[in-house]
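Let me begin by presenting the structure, written as structure tokens, before commenting on it.
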Amino acid sequence: MQSLACDSLPSSGTRAAAASSPRLRSPLSNTAAAAARPPPPVSAEERVERAWAHWRRLGSPKMVVAPMVDNSELPFRMLCRRYGATAAYTPMLHSRIFSENEKHRAMEFTTCKEDRPLFVQFCANDPDILLQAAKIVEPYCDYVDINFGCPQRIARRGYYGAFLMDNLPLVKSLVQNLSANLHVPVSCKIRIFPRLEDTLAYAKMLEEAGASLVAVHGRTRDEKDGKKFRADWDAIKAVKDALRIPVLANGNIRHLDDVKDCLEHTGADGVLSAETLLENPALFAGFRTKEWKENGDEDEASGLDQADLVIEYLKLCEQYPVPWRMVRSHVHKMLGDWFRVHPQVREELNAQSKLTFEWLHDMVKRLKDLGGGIPLYRNNNALQTTSNGLAASNA
């Protein structure tokens, strides 16, 4: 497998988090990739066999960092991998901007040889533009993923994500064009329809069009608030039962017990977590935020300070620079409990028009000196049970 070539790019204030940034080396001029011949057509049976063979070669990863706009970038992916994540998605990338703008590519997509297995996700509504973008990242990932799940207003305005559920012929053509012309498998992340039969027909269409994996967010397009609407695991199970390719489950993964429960309930081949990971990047290692602390089953000696996680993250950002807006967002999420105790420190952070690592390290030190942060706790019983279950499922 190839790794991403790294060049040095000059820093420009808030543009990047350090003086150099990993980037693709002249992606659109990669004539070798452009000249690569498409894979030969195969039967439906062979496509299914290839889908499973590829998934198993990757180790059948069970705990996956979901795609999050501006929040599943390389340093955060690497932090989550340190704490149990076995695969990860990039943030959603806009296929047209990505294919046209080299500066955008250099800022928004970075990876390294340890950043595998990796799904690179694009939003798109034009099969040819999507293919052009996918060809650029093909050597650096394990799946090219199409976002059919974004329910936000920006997706409505741009006509992508979950709003393509109203145009299934276009959805089918996006998948078919990638599947016929890439050597890396195609995956799709979807939301469910209000009617189960529509969801199943949708998922089967994706499989027939050439998708090698489907990740199912168990909420409809209108159910945007994950705290208000619980994901429908029964619908995910129905999709898993209906398809012959790997299926991932997305929704209701708040701690490690939920991983075990979701895999058992849905029969899915893995789970994705998004929002909870932003507060607790150590979720997949068995650590819980305070609201999930249960009397009697937590190990008091295994507390993990979220401020220390922030320090780890900042060091990864120094190693793998990303735009400062991403760094700022993660610091806010991971230090949420601390900021509720010391809102004046949060106000100081908000007042910084330009950030530096020196200032951020000093801020974290001041928070720790002030005290009041509640550490993450590890539920050792759940960790043992879930680890045994994952080991058995991988056997």
Side-chain angles (χ1 to χ4, degrees), residues 1-2 33 36-67 86-90 92-93 95 115-124 127 130-131 133-149 164 168 170-191 199-217 236 238-250 263 266-272 393-394:
M1 292 185 180
Q2 298 182 20
R37 302 174 73 178
V42 296
S43 67
E45 290 297 328
E46 189 174 354
R47 256 201 325 263
V48 171
E49 291 175 7
R50 287 185 179 184
W52 279 108
H54 182 74
W55 182 246
R56 294 184 182 113
R57 276 196 302 271
L58 299 177
S60 303
K62 292 291 184 292
M63 295 183 284
V64 184
V65 180
T86 49
Y89 285 71
T90 66
M92 182 190 74
L93 302 169
S95 58
D115 185 31
R116 307 296 282 265
L118 180 64
F119 295 70
V120 176
Q121 187 184 76
F122 289 104
C123 67
L130 175 59
L131 178 60
K135 280 290 187 182
I136 297 170
V137 303
E138 182 178 25
Y140 311 108
C141 65
D142 301 288
Y143 289 92
V144 170
D145 184 80
I146 311 174
N147 182 330
F148 294 128
L164 296 185
L168 296 186
L170 174 57
V171 168
K172 185 175 182 180
S173 68
L174 289 166
V175 178
Q176 284 179 324
N177 197 41
L178 283 197
S179 176
N181 291 286
L182 292 182
H183 291 274
V184 68
V186 178
S187 63
C188 304
K189 189 169 185 294
I190 67 171
R191 283 186 173 241
T199 300
L200 296 182
Y202 182 35
K204 289 178 182 177
M205 181 199 73
L206 294 172
E207 180 180 86
E208 291 167 2
S212 294
L213 178 146
V214 173
V216 185
H217 189 149
I236 298 174
V239 173
K240 171 60 185 173
D241 291 343
L243 298 190
R244 298 187 296 162
I245 57 177
V247 172
L248 305 182
N250 186 195
L263 291 173
T266 64
D269 302 289
V271 302
L272 279 66
S393 68
N394 277 328

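Computed from a predicted structure; not experimentally measured.
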Quiz item: Heavy-atom distance under 4.5 Å between the side chains of Val175 and Cys188, does that happen here?
Solution: yes

Quiz item: How far does CD1 of Ile136 sit from CG of Leu131, to the nearest 0.5 angstrom?
Solution: 10.0 Å

Practice problem: Supply the atom-to-atom distance Ile245 CD1 to Glu208 CD, rounded to the nearest 0.5 angstrom. | Solution: 10.5 Å

Quiz item: So, for Cys123 and Met92, which heavy atoms are closest and what is the spacing to 0.1 Å?
Solution: CB-SD, 3.6 Å

Self-check item: Side-chain donor/acceptor of Ser212 to backbone N/O of Ser187, under 3.5 Å
Solution: no

Exercise. Kindly give the heavy-atom pair with the smallest separation between Pro127 and Asn177, and that separation in Å.
Key: O-ND2, 3.0 Å

Quiz item: What closest approach, in Å, do Leu272 and Lys189 show between heavy atoms, and which atom pair accounts for it?
Solution: CD2-CE, 3.6 Å

Self-check item: Nearest-0.5 Å distance that lies between atom CZ in Arg116 and atom OH in Tyr140
Solution: 10.5 Å

Self-check item: Worked verdict on Thr266 versus Lys240 for side chain to side chain contact (heavy atoms under 4.5 Å, CB included)
Solution: CA-CA 7 Å; Thr266 64; Lys240 171 60 185 173; 5.7 Å; no

Practice problem: State whether the side chain of Asp145 and the backbone N or O of Phe119 hold a donor-acceptor pair below 3.5 Å, judged by distance alone. | Solution: no

Self-check item: Pro246 versus Asp269, closest heavy-atom pair with distance
Solution: CA-OD2, 3.3 Å

Quiz item: Could Arg47 and Glu207 be called an ion pair, given the rule that one side-chain N must be under 4.0 Å from one carboxylate O?
Solution: no

Quiz item: Are the side chains of Leu248 and Val214 in touch, meaning some heavy atoms are under 4.5 Å apart?
Solution: no

Quiz item: In Å and rounded to the nearest 0.5 Å, what is the CG to CG distance from Leu58 to Leu118?
Solution: 10.5 Å

Quiz item: Rounded to the nearest 0.5 Å, what separation is found between the CG atom of Leu93 and the CD atom of Gln121?
Solution: 8.0 Å

Quiz item: Does Val271 reach the side chain of Lys62, with side-chain heavy atoms less than 4.5 Å apart?
Solution: no

Quiz item: Parallel, tilted or perpendicular for Tyr143 and His54, by the 30°/60° rule?
Solution: perpendicular

Exercise. Could you check if a side-chain atom of Leu164 sits within less than 4.5 angstrom of a side-chain atom of Leu174, using non-hydrogen atoms only?
Key: yes

Quiz prompt | From Asp142 atom CG to Trp55 atom CH2, the distance as rounded to the nearest 0.5 Å | solution = 10.0 Å

Self-check item: Considering all heavy atoms, the nearest Val120-Cys141 contact
Solution: CG2-CB, 3.5 Å

Practice problem: Determine the minimum heavy-atom distance between Leu200 and Ala242, stating which atoms define it. | Solution: CD2-CB, 4.1 Å

Quiz item: Is Ser179 reaching over with its side chain to a backbone N or O of Gln176, donor-acceptor style, under 3.5 angstrom?
Solution: no

